Amino acid sequence: MTEQKATNVHWHEGEINRPERAKLLGHSGATLWFTGLSGSGKSTVAVALEGVLHDAGVLCYRLDGDNVRLGINKNLGFSADDRAENIRRVGEVSKLFVDAGLVVLSSFISPYRADRDLVRELHESAGLPFIEVHVDCSLDAAEARDPKGLYKKARAGEIKNFTGIDDPYEAPDRPEVHLRTDEQTLEQEVQLILDHLRTHGVLR
Ligand SMILES: Nc1ncnc2c1ncn2[C@@H]1O[C@H](COP(=O)(O)OS(=O)(=O)O)[C@@H](OP(=O)(O)O)[C@H]1O
Ligand SMILES: Nc1ncnc2c1ncn2[C@@H]1O[C@H](COP(=O)(O)OP(=O)(O)O)[C@@H](O)[C@H]1O
């Protein structure tokens with residue numbers, strides 16, 4: 001995909017700022033970025049956490065690989081370039097939601113470290129919290145789960161460039177939260193993330 005640069009385009013400042021939006025909502029925003037193999041548990045953990053946060057009065061929104069690829073990113077496939085563009089767009093959307101004051105739960109395989117680091121930089125350069133959650137699980141365990149039958153198809157050669165089979169996954173070096181979904185329970189995983197959010201002042 002060719003990169004288009006914006007020329008003669010200028011940021012237009014509004015009259016309502018981030019602290020005013022946070023006051024209205026009673027909390028400020030953050031992106032929780034769930035990365036891991038297909039079937040590692042990204043969506044399962046994000047859905048469970050969203051329920052707990054919602055019940056605690058936190059306005060959340062989930063962005064999920066499969067869902068986003070049915071809409072805004074339906075023109076993208078799974079080459080390294082398309083995955084990079086997928087993550088760049090979702091990173092920008094996450095940043096907008098966080099600027100609006102929401103807690104965004106973004107679940108994407110996001111297999112390339114450079115793509116995830118770009119999203120981190122997008123947030124941190126704007127003073128917005130970015131919390132990388134490595135949803136770690138062995139390939140064997142993820143493949144044994146195979147919730148959508150995709151590993152079976154990939155092994156049969158019906159899906160090409162499948163992450164973990166014939167496409168790479170670069171694990172995060174220093175994620176803010178490291179889950180092991182083949183060793184921990186869903187409840188423990190949610191609790192670990194909540195503990196991080198409380199210790200780092202995202203939740204009171
Ligand atoms: N080749 C290949 N590799 C990996 N995944 C594949 C592929 N083809 C389709 N799928 C389905 O697409 C979901 C992953 O989309 P993502 O947007 O999260 O991928 S990425 O971040 O751009 O790498 C992924 O969802 P999850 O299983 O929930 O991770 C699959 O359902
Ligand atoms: N400890 C755990 N944490 C998260 N998911 C788990 C766990 N143990 C088993 N699972 C199961 O693993 C599967 C993970 O699927 P999913 O959340 O769709 O993964 P992903 O979004 O990473 O592709 C679900 O069927 C879920 O019930």
Side-chain angles (χ1 to χ4, degrees), residues 1 31-52 60-95 104-120 122 130 132-172 175 177-196:
M1 189 165 292
T31 285
L32 283 153
W33 190 273
F34 296 88
T35 172
L37 295 173
S38 176
S40 59
K42 303 180 296 297
S43 306
T44 302
V45 178
V47 166
L49 182 66
E50 180 186 34
V52 175
C60 298
Y61 199 75
R62 276 190 315 109
L63 296 171
D64 192 284
D66 277 323
N67 300 353
V68 167
R69 283 174 173 279
L70 289 170
I72 188 173
N73 286 351
K74 62 163 61 163
N75 62 330
L76 298 177
F78 291 90
S79 66
D81 279 356
D82 277 10
R83 289 184 200 252
E85 177 60 9
N86 182 37
I87 298 312
R88 188 194 68 79
R89 285 185 201 167
V90 172
E92 293 280 6
V93 172
S94 301
K95 178 185 163 185
V104 182
L105 312 173
S106 293
S107 309
F108 294 84
I109 296 178
S110 42
Y112 297 108
R113 217 171 273 132
D115 297 344
R116 297 191 303 265
D117 286 349
L118 184 135
V119 181
R120 178 186 289 279
L122 269 177
F130 177 82
E132 190 174 27
V133 181
H134 184 194
V135 185
D136 197 357
C137 176
S138 70
L139 178 64
D140 282 353
E143 191 168 355
R145 291 175 183 167
D146 206 2
K148 290 175 273 189
L150 299 178
Y151 282 99
K152 194 161 175 246
K153 285 189 183 168
R155 290 287 185 197
E158 292 164 28
I159 305 178
K160 301 286 180 212
N161 306 114
F162 196 77
T163 307
I165 304 295
D166 56 353
D167 225 45
Y169 178 77
E170 299 173 356
V177 183
H178 187 172
L179 306 178
R180 284 296 323 214
T181 69
D182 46 4
E183 294 170 5
Q184 296 157 336
T185 64
L186 181 57
E187 292 69 28
Q188 288 170 327
E189 291 152 18
V190 168
Q191 194 55 51
L192 279 171
I193 301 171
L194 288 173
D195 289 348
H196 179 92

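Start at 1 and go down the list; that is how both ligands and their atoms are numbered. Because only heavy atoms are used, hydrogens play no part in the values below, and waters and symmetry mates are left out as well, while side chains stay in. Nothing here was measured: the structure is a model prediction, and the numbers come from that model.
For the pair Arg83 and ligand 1, the shortest N or O to N or O distance falls below 3.5 Å. Considering backbone and side-chain atoms alike, Ser38 places an N or O below 3.5 Å from some N or O of ligand 1. When only interatomic distances are considered, the shortest N/O to N/O separation between Thr181 and ligand 2 falls below 3.5 Å. Polar contact check, Ser107 against ligand 1: no nitrogen or oxygen pair lies under 3.5 Å apart. Among the atoms of Lys148, none of the N or O lies under 3.5 angstrom from an N or O of ligand 2.
The single protein non-hydrogen atom nearest to atom 28 (O) of ligand 1 is Lys148 NZ, 3.0 Å, given as residue, atom name and distance. Considering only non-hydrogen protein atoms, atom 23 (O) of ligand 2 sits nearest to Gly39 N, 2.8 Å. Of all protein heavy atoms, the one closest to atom 2 (C) of ligand 1 is Phe162 CD1, 3.4 Å. Counting only heavy atoms of the protein, atom 7 (C) of ligand 2 lies nearest to Arg145 NH2, 3.6 Å. Considering only non-hydrogen protein atoms, atom 9 (C) of ligand 1 sits nearest to Phe78 CZ, 3.4 Å. The single protein non-hydrogen atom nearest to atom 19 (O) of ligand 2 is Gly41 N, 3.2 Å, given as residue, atom name and distance. Taking atom 11 (C) of ligand 1 as the reference point, the nearest protein heavy-atom neighbour is Asp66 OD1, 3.8 Å. For atom 1 (N) of ligand 1, the closest heavy atom belonging to the protein is Asn161 O, 2.8 Å. Ranking the protein heavy atoms by distance from atom 14 (C) of ligand 1 puts Ile109 CD1, 3.6 Å first. Regarding atom 21 (O) of ligand 1, its nearest protein heavy-atom neighbour is Ser110 N, 2.8 Å. Nearest protein neighbour of atom 17 (O) of ligand 2, counting heavy atoms only, is Thr44 OG1, 2.4 Å. Protein heavy atom at the shortest distance from atom 29 (O) of ligand 1 is Lys42 NZ, 3.0 Å.
The minimum heavy-atom distance between Tyr112 and Arg83, with the atom names listed, is CE1-CD, 4.1 Å. Nearest approach of Leu63 to Ser94, heavy atoms of both residues: CD1-OG, 3.5 Å. Nearest heavy-atom pair across Ser43 and Asp64 is OG-OD2, 2.7 Å. The two atoms that bring Leu194 and Val52 nearest to each other are CD1-CG1, 3.8 Å, heavy atoms only.
Remark: side-chain polar atoms of Asp82 are not paired, donor with acceptor, to backbone N or O of Phe78 under 3.5 angstrom. Not a single donor-acceptor pair under 3.5 Å links the side chain of Glu50 to the backbone N or O of Ala46. For Lys42 (side chain) and Trp33 (main-chain N/O), no donor-acceptor pair under 3.5 Å exists by modelled atom type. Remark: side-chain polar atoms of Thr31 are not paired, donor with acceptor, to backbone N or O of Val104 under 3.5 angstrom. With Asn86 contributing its side chain and Leu76 its backbone, the two residues share no donor-acceptor pair below 3.5 Å. Listed for the Asp136 side chain is no donor-acceptor partner under 3.5 Å among the backbone atoms of Leu179.
Atom numbering of ligand 2 starts at 1 in the shown order; those under 4.0 Å from a heavy atom of Pro147 are 15 (O). Atoms of ligand 1 found under 4.0 Å from any heavy atom of Ile87, numbered from 1 in the order shown, are 21 (O). Atoms of ligand 1 lying under 4.0 Å from at least one heavy atom of Arg69, given by number and element, are 15 (O), 16 (P), 17 (O), 19 (O), 20 (S), 22 (O). Near Ser38, meaning under 4.0 Å from any of its heavy atoms, are these atoms of ligand 2: 23 (O). The Leu37 neighbourhood of ligand 2 comprises atoms 22 (O), with distances under 4.0 Å to a heavy atom of that residue. Applying the 4.0 Å criterion to heavy atoms of Leu186 picks out, from ligand 2, the atoms 1 (N). Ligand 1 places these atoms under 4.0 Å from at least one heavy atom of Leu150: 30 (C), 31 (O).
To the nearest 0.5 Å, the span separating CD on Glu132 from NE2 on His178 amounts to 10.5 Å. Atoms CD1 and CZ, from Ile109 and Phe162 in turn, are 6.0 Å apart once rounded to the nearest 0.5 Å. For the atom pair CZ of Arg145 and OG1 of Thr44, the computed distance is 7.5 Å after rounding to the nearest 0.5 Å.
With a 4.0 Å cut-off on non-hydrogen atoms, Glu189 touches ligand 2 through its side chain and not its backbone. Only the backbone of Lys160 comes within contact range of ligand 1, with a heavy atom under 4.0 Å; no side-chain atom does.
The cationic group of Arg62 does not satisfy the cation-pi geometry with Phe34, failing either the under 6.0 Å distance to the six-membered ring centre or the 45° limit from the ring axis.
Checking Thr163, Asn86, Asp167, Asp82 against atom 20 (S) of ligand 1, the nearest heavy atom belongs to Asn86.
Under the side chain to side chain contact (heavy atoms under 4.5 Å, CB included) test applied with Thr185, the options Glu189, Gln188, Glu183 reduce to a single match, Gln188.
Side-chain contact of Ser110 with Asp115: a donor-acceptor pair under 3.5 Å is absent, judged by distance alone.
Residue Gly36 places no heavy atom under 4.0 Å from ligand 2.
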